[in-house]
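A note on names: the letters A, B, ... follow the listed sequences, proteins ahead of strands, and every chain is numbered from 1.
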2 protein chains.
Amino acid sequence: MADLAKIAGVSAITVSRALRESPLVNAETRERVRAVAQEYGYAFNVSARNLRLRRSMTVAVVVEMKPTLERQMSGPYPLDLLGGITQELTTTGYSVLLTSLQGGALPNVQAADGVILLGQGANEDAMHAVQRWGRPMVVWGAVSRHESQVVVGSDNRRGGSLAADRFIALGRSRPVFLGDPAHGEFAERLEGFASTLRKYGIEPIVPAVEGFTVNAGAEVVHALLQKHPQVDALFAASDLLAIGAIRALIERGRRVPDDVSVIGYDDTPLGATYVPPLSSVHQNFVDAGVLLARKIRELIDGQATASETLPTHLVVRAT
Amino acid sequence: MADLAKIAGVSAITVSRALRESPLVNAETRERVRAVAQEYGYAFNVSARNLRLRRSMTVAVVVEMKPTLERQMSGPYPLDLLGGITQELTTTGYSVLLTSLQGGALPNVQAADGVILLGQGANEDAMHAVQRWGRPMVVWGAVSRHESQVVVGSDNRRGGSLAADRFIALGRSRPVFLGDPAHGEFAERLEGFASTLRKYGIEPIVPAVEGFTVNAGAEVVHALLQKHPQVDALFAASDLLAIGAIRALIERGRRVPDDVSVIGYDDTPLGATYVPPLSSVHQNFVDAGVLLARKIRELIDGQATASETLPTHLVVRAT
DNA sequence: TTGAAAGCGCTAACAG
DNA sequence: CTGTTAGCGCTTTCAA
């Protein structure tokens, strides 16, 4: 910068001001400085600037990852979420620092101006860890679970409710909910589902489910059909579970949707291309990402923000 | 740090050394300093350190994203790639800066010690842009295309070759390749496919294909069957295309695999759960991510590295 | 409208 | 083994 100043015949501080578009600098001077900067391919030293300004212009995104990105964080959703976050953050000058919290946080992560937590599912360790180092934080997930946090989630209760309404409209009377309520978002889906059914005097069957995989879904449904052969509707907390369930239903001689209606969750490409194409509750992950990004920015800027819930709708396909 | 030094009764530089586990400092002193640091929740100022050390301990990962993360970068692969990269980089002290190059690079991105380029497919603008600012760079994709670059890719030629071998073993004689060769990796798959078939005196049919979607696959195959009704094998450059193709085949009264064998690419969950379960060429994206990360580290450390190709294998399922 | 001085927090180099 | 000195590149006072 000093070199550049010499070349342009001004002082370093003027270079700084010119390149930052400060109104304090003469338009003509500014242009001259910028031309020289351009010519010499000069770029700010970010570390120096951040040191001086006491911020990093960085937001850490913490994703839960075991060796690879597993759990409900597999599939395309987190990518959409990440896409939304990245889009919104980079267009406002922030960088996105992608990280797990495996083996303690890196210095860079701790230096982030804010933190977005994704896919913390049932486990809340990461949340507490981040909270401890006192950075602004926003969480993706089930809103009600963490009342003191700013949480963005989609309207899981309404998602469950929509599934229930659909089953009622179809005249179904022996519905099942598939999903582990230990997972906050799943619990909310069940709540919405059950409370709507209850208005019609129906109580859903809720077998114990562990995991999020196709096989988990298939196994549970196999066992379930022994005990409750008269099941005629099935709402799964994820498309993967729903697909497993359909497989088991067919293997047990049930027709879908003639004998049993099935609704999944997340409206994944996998579900949409499945045969039969899966009906599913849709949530817009890109929008969610954008919203998460906005809220963390607000928090960083010292503004107050509240939790927020995104709309959800049912995509009816063949099942 | 100065405060901490005072409290611990040493100088700032000793605090610095103690916290960095420098062997220059007495074990006992180190423990005392660390205890005090722990107690006061002290953490390094990363900007100051980076300024002093003239590096950022950051690697930028550039993903091609239109508003959302599209193209072949949709689906679960890039997440696995990202997972591998993040895992390897964070365990070696580097942070991962996720970014597109939409609207010019942010200062933070330019300050990265190295850059990994993902999903640059047919378009090489990003590559040239990054090249211009002279940072170490590693690219994911088709190796042969960019001879001056360090590229990590999976063995696309062998992938194509495996599909061809399989068709030959099944006695097929009228194979089709589905995929746009403008995309470097697809071109390599076609090369391997065609060259192996040629050994048996067979020339594949290669219809023009645009896009990567299920619908694109379906449309092309519908048109194709008019001109070439005797097609008996189909190798698609992606699982999505393969699924579209199967749909079209069935709609045209062909049985899969009895009348037409189909092989996809990427071995996605979508393909694996499809009915019928799709045979597909598998590549390990997590390993690829790890390798990309290792190579960028080597480059940052000033070591020489070469392009590398990862193994690939055929997963035979029902089609 | 421009500039000089000072310092953000850290660590390499050089004593001791 | 520990400390002193100096300076990384930037921007916020304060002064001209």
| request: Pick out which of B/D266, B/D155, B/N156 makes a side chain to side chain donor-acceptor pair (under 3.5 Å) with B/Q283. | output: B/D266

| task | Go along nucleotides 8-16 of chain C 5' to 3' and tag each nucleotide: B for a protein heavy atom under 4.0 Å from its base, S when only backbone or sugar atoms are that close, - otherwise. | result | BBBBB----

Can you tell me the distance, in whole Å, between the [atom1] atom of [X] and the [atom2] atom of [N]?
X     : N      : atom1 : atom2 : result
A/L24 : D/dC14 : CG    : P     : 15 Å
B/E28 : D/dT2  : CD    : P     : 9 Å
A/M57 : D/dT11 : CE    : P     : 13 Å
A/K6  : C/dA4  : NZ    : P     : 12 Å

If you measure from [atom1] on [X] to [atom2] on [Y], what distance do you get to the nearest 0.5 Å?
X      : Y      : atom1 : atom2 : value
A/I116 : A/M137 : CD1   : CE    : 11.5 Å
A/T305 : A/L299 : OG1   : CG    : 4.5 Å
A/L97  : A/S56  : CG    : OG    : 8.0 Å
B/W140 : B/E185 : CH2   : CD    : 6.0 Å

| request: Answer yes or no: is there a side-chain heavy-atom contact under 4.5 Å between B/V25 and B/V10? | output: no

| Can a salt bridge be assigned to the pair B/R34 and B/E21 using a cut-off of 4.0 Å between side-chain N and carboxylate O? | yes

| message | Just N and O in the side chain of B/T14: are any of them under 4.0 Å from OP1 or OP2 of D/dT2? | response | no

| said: Keeping A/N108 on the side-chain end and B/M57 on the backbone end, is there a donor-acceptor pair under 3.5 Å? | reply: yes

| note | Taking five pairs at each terminus, the helix from C/dT1-D/dA16 to C/dG16-D/dC1 shows an axis bend, to 10°, of 30°

